[in-house]
Trainee: 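Okay, handing you the structure first.
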Amino acid sequence: MDKEDLKKLAENPEFIKGIYNYCDRWCERCPFTSRCLNFAMGSEQFDDQEAHDLNNEAFWQSLSKTFQMTFELLHEAAEEHGIDLDSLEMEEFTEREKFKDEMAKNHECCRAAKRYSEMVNDWFDAAEEMFPQQEEAFNLGDGLDQPDDGEDAEEASFGEALEVVRWYQHQIYVKLIRAVRGDLDDEPEILDEYPKDSDGSAKVALIGIERSIAAWGEIRSYFPLQDDDLLEMLVHLEQLRRKVENAFPDARAFIRPGFDRIDLNS
Ligand code: SF4
């Protein structure tokens with residue numbers, strides 16, 4: 001796909017503008033794949049099964065074409081906006097950005113989210129010895145297909161709970177970094193009238209936290225001997241959820257394109 005193809009693809013009115021900005025990137029589970037430009041681009045480029053293999057040459061060639069296309073689009077945009085890409089001010093700008101990155105990493109929400117991702121790793125490491133039996137008992141690897149009823153549904157629900165935990169484990173941190181960084185960039189007098197990207201990112205993090213809490217609740221019933229560890233995990237997540245609610249009080253009200261509906265009666 002070249003840049004003209006991309007522009008043409010982006011003009012499709014069926015796509016919901018910006019839907020991919022506030023999703024959890026779990027395309028496999030997304031009900032809006034047919035309305036997402038990001039998904040369509042991915043399908044166009046990587047439909048070929050062999051391109052899914054990161055070691056496959058086709059993948060890297062495709063990535064290199066994407067780089068070239070991005071490069072061209074960047075130059076076009078810079079020219080359009082009168083941005084000098086060689087300007088020395090860029091150095092100052094980079095320094096400021098680095099400083100903000102550090103501030104974001106040190107924000108209490110981000111530190112707690114980072115800690116959570118480490119706790120998840122610790123838990124999986126500790127449970128590793130138990131997993132051979134658990135995998136056999138609950139057929140973990142196959143549990144992600146559509147469940148039948150009874151035992152199969154139980155297997156699927158355990159496997160899905162683990163999958164949910166793994167999916168959001170790092171994403172919560174990434175979304176919170178973006179939320180905090182966004183807050184540091186905001187110019188309040190301009191942005192007061194507009195929905196804030198930081199609230200959108202915080203909302204995605206909150207959804208990830210809540211889904212993770214639900215998943216750990218499910219996992220807990222399979223590991224009664226690890227109840228203290230799991231309780232600690234749940235408490236940590238709930239504390240994180242509250243911190244995020246406090247730091248981003250308007251996050252819940254953020255309307256994510258496609259995923260949230262505006263209640264016209266309110
Ligand atoms: S909106 Fe859905 S299809 Fe598009 S990137 Fe996000 S999860 Fe994937």
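Both counts, for ligands and for their atoms, begin at 1 and track the order of listing. Scope of the values below: all heavy atoms of this structure, side chains included, with no hydrogens, waters or symmetry mates. Numbering of residues begins at 1 and proceeds along the displayed sequence.
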Trainee: State, without any angle test, whether Glu218 and Ser157 hold a side-chain donor-acceptor pair at a distance under 3.5 Å.
Mentor: yes
Trainee: Report yes or no: is the cationic atom of Arg166 (NZ for Lys, CZ for Arg) closer than 6.0 Å to the six-membered ring centre of Phe124, at no more than 45° off its axis?
Mentor: yes
Trainee: Please give me the protein atoms (N, O or S only) lying under 2.8 Å from atom 8 (Fe) of ligand 1, ordered by chain and number.
Mentor: Cys27 SG
Trainee: What class does the angle between the rings of Trp216 and Trp123 fall in, given that below 30° is parallel, 30 to 60° is tilted and above 60° is perpendicular?
Mentor: perpendicular
Trainee: Please name the pair of heavy atoms, one in Ala179 and one in Ser198, separated by the smallest distance, quoted to 0.1 Å.
Mentor: O-CB, 3.1 Å
Trainee: Has Lys203 got its NZ or CZ under 6.0 Å from the middle of the six-membered ring of Phe254, at an angle within 45 degrees of the ring axis?
Mentor: no
Trainee: In chain order, what residues pass the side-chain hydrogen bond (donor to acceptor under 3.5 Å, both in side chains) check against Gln239, with sequence neighbours excluded?
Mentor: none
